[in-house]
Every structure is written in C-alpha cells, then in structure tokens.
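So that the names make sense, note that chain A is the first sequence line, chain B the second, and so on, each numbered from 1.
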Amino acid sequence: MRTVAAHTPADWPATEEHARAVQDDLRTRVVLGEQGPPPGTGRVTGVDVAYDDARDVVAAAAVVLDAATLDVVAEATAVGRISFPYVPGLLAFREIPAVLAALDALPCPPGTVVCDGYGLAHPRRFGLASHLGVLTGLPTIGVAKNPFTFTHDEPDARRGSTSPLLDGAEEVGRAVRTRAGVKPVFVSVGHRVSLDNACAHTLALAPSYRLPETTRRADALCREALRAATPYPA
DNA sequence: GCGACAG
DNA sequence: ATCTTGTCGC
C-alpha cells in the first residue's frame, strides 16, 4: 500500500464566491447520458477523507474492490493540509485534492468510484461525486448518509426498496434501503452513470451493512492514515 | 432576519 | 467530520 503527499493546487479557490463560480463552470461538463458499468463486474473504488482540523491535517483513502467478490484489490492513501473549510454545498473543495492524490497513487485503474456524499443532489447540481467525475473522467456515484436539504418519503422497510429524493418536484437522487428496517442511504448520480445503475451498484456493494463496502473500507483506511500521519508535515 | 445544511 | 462508554436489542 502506498501513501503519498497531497498538495492543494496553487489556483484552488480561496473564497466561497470563487468556489461557487468554479462549480457553475465545471457543471456543464457532467455527462449524464451514459448508463455506466454494470454492477458486479470490473472494479469499484471507494474514496473517503478524515480530518484533524486542529492540526490542519487531512488524510484520504482509495480502496479498489473486485466488484464481483468485494475483495480488496488495491489501496492507497494521501496526506496533506486542509484545502478548504467545510461549507455545505462546497464539500468538494475540502475533499478533492487529497482524494485525487490517493487515486493517483493506486497501482491500477479505479473503475467506478463511489463517493461519500452527493453528486447531482446538490444546490447547483454539482456535488462531490460529480466534481470528482469531471476532474478524473471516471464514472462516479454519490452515496450519502443524510438527506442534506432534500426531502423524501420513507422507503418500504425491506431491503432494496427506494423512494425519490426530491428537490421540490425534481428527483435528484434516491433513498435506498440497503438493510431491512434500517435508515436508508441517499444515492445520486455523479458522472457517466444513470440513477438506476447507481442504485443497483449501491445495493450490490452493501450485502451486509447499511453502507457500501467501498465506503466502509475507505473510511477505515483514511482514519488509520490520519492517525499514522499526524502531525504533518513531520 | 432566522434556521437548515453532504463531510 | 469529530468529541466519546456503555448499553439496549436482534
């Protein structure tokens, strides 16, 4: 497993206003017409990020799984300085530099990338998963643990049931029940994947727990990387 | 103006 | 995200 240094690009937005302008520019490049790779085939990569705000340290992890077996095929981590404060709607600017570094450190192609957070389900329709997809060209989906500012009806209690995630009358994603009787996860399209396919991927990746194996593995790994790397730079 | 708000 | 032990329940 490889650990690399993550660097915030020199032209990274320093203000919320600038960050929003970047989103409004990049959003035009999201590809929505493709269905994306079928679930259970090829590789699927989970990415996640952990923070130590007090020490200004961020750690990202990318974990590649065999989509058919959910076995870990490869892992990489990246450690750096925090590139942006947490602002609802601007999460990508906080997570992306470290995530890109972790993806770059992988020894193999990531396949479809599963993000912690949203894609299209976003105030400007350009959440973390969409942003990462546009920057990498990879198929991406967003799986979030909370409904953010959106509304939804409770899906049926059985595993596999879904209900629309709504911004007013517009379906921006779906609440997906990955475990019977347990709070659903909130799935949205990132880039080059349809919503139906994103939901199918999510279910295929979560046979035993609420969260997809991709995010569970990436979450555990980035926390470990944060513990091992603090403080940074050493 | 106030409250809500992915991670 | 992060601070944090035990505890109730399937």
* Asked: side-chain hydrogen bond (donor to acceptor under 3.5 Å, both in side chains) between A:Y86 and A:E95: does it pass, once the steps are laid out?
  -> CA-CA 9 Å; A:Y86 173 67; A:E95 307 226 323; over 6 Å; no

* Asked: How about A:F84 and A:W12: are their ring centres within less than 6.0 Å of each other?
  ->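 Centroid distance A:F84-A:W12: not below 6.0 Å, so no.
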
* For residues A:F186 and A:H152, establish whether the separation of their ring centroids is below 6.0 Å. => yes

Expected output: side-chain [X] to main-chain [Y] donor-acceptor under 3.5 Å:
X      : Y      : result
A:Q23  : A:L90  : no
A:T140 : A:H191 : yes
A:T178 : A:L203 : no
A:S83  : A:F93  : yes
A:D52  : A:R55  : yes
A:D156 : A:R158 : no
A:R2   : A:A76  : no
A:N197 : A:Q35  : yes
A:S188 : A:G119 : yes

* Asked: What does A:G142 touch in the nucleic acid at a heavy-atom separation under 4.0 angstrom: a base, only the sugar-phosphate, or nothing?
  -> nothing

* Would you mind classifying the nucleic acid contact of A:L90 as base, sugar-phosphate or nothing, using non-hydrogen atoms under 4.0 angstrom? => base

* Structure fact -> 5'-most to 3'-most nt of DNA chain B touching chain A (<4.0 Å, heavy-atom partner on protein side) reads B:dC5 to B:dG7

* To do: Give me the ring orientation class for A:H131 and A:F126: parallel if the planes are under 30° apart, tilted from 30 to 60°, perpendicular past 60°.
  => tilted

* Pairing stems for DNA chain B [at least three consecutive pairs; Watson-Crick or G-U; under 3.5 angstrom] -> none

* To do: At under 4.0 Å between heavy atoms, which parts of nucleotides 5-10 of chain C does protein reach? Answer with one letter per nucleotide, 5' to 3': B base, S sugar-phosphate only, - none.
  => ------

Pairwise N/O distances under 3.5 Å, protein to nucleotides 1-3 of chain C:
from  : atom 1 : to     : atom 2 : distance (Å)
C:dA1 : OP1    : A:R223 : NH2    : 3.4
C:dA1 : OP2    : A:K145 : NZ     : 3.1

* To do: Treat each ILVMFWY residue as a node, draw an edge where side-chain heavy atoms are under 4.5 Å apart, and state whether A:V114 and A:V176 are in one component.
  =>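 Cluster IDs for A:V114 and A:V176 match.
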
* **Over 12 non-hydrogen atoms of neighbours within 6.0 angstrom of CZ in A:R43** => no

* NZ or CZ of A:R125 within 45° of A:Y118 ring axis and under 6.0 Å ->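 So A:R125 doesn't make the cation-pi contact.
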
* **Close approaches to DNA chain B from residues 98-106 of chain A, in residue order (heavy atom, under 4.0 Å)** =>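 None - not one residue of the stretch has a heavy atom sitting under 4.0 Å from the strand.
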
* Asked: Pairing of DNA chain C as dot-bracket, 5' to 3': ( ) intra-strand, [ ] crossing, | other strand, . unpaired, with Watson-Crick or G-U pairs under 3.5 Å?
  -> ..........

* Would A:D48 and A:R217 count as a salt bridge (charged side-chain N to carboxylate O under 4.0 Å, His left out) if you check the C-alpha gap in whole Å, the side-chain angles of each, and the deciding distance to 0.1 Å? -> CA-CA 9 Å; A:D48 195 17; A:R217 301 315 263 258; over 6 Å; no

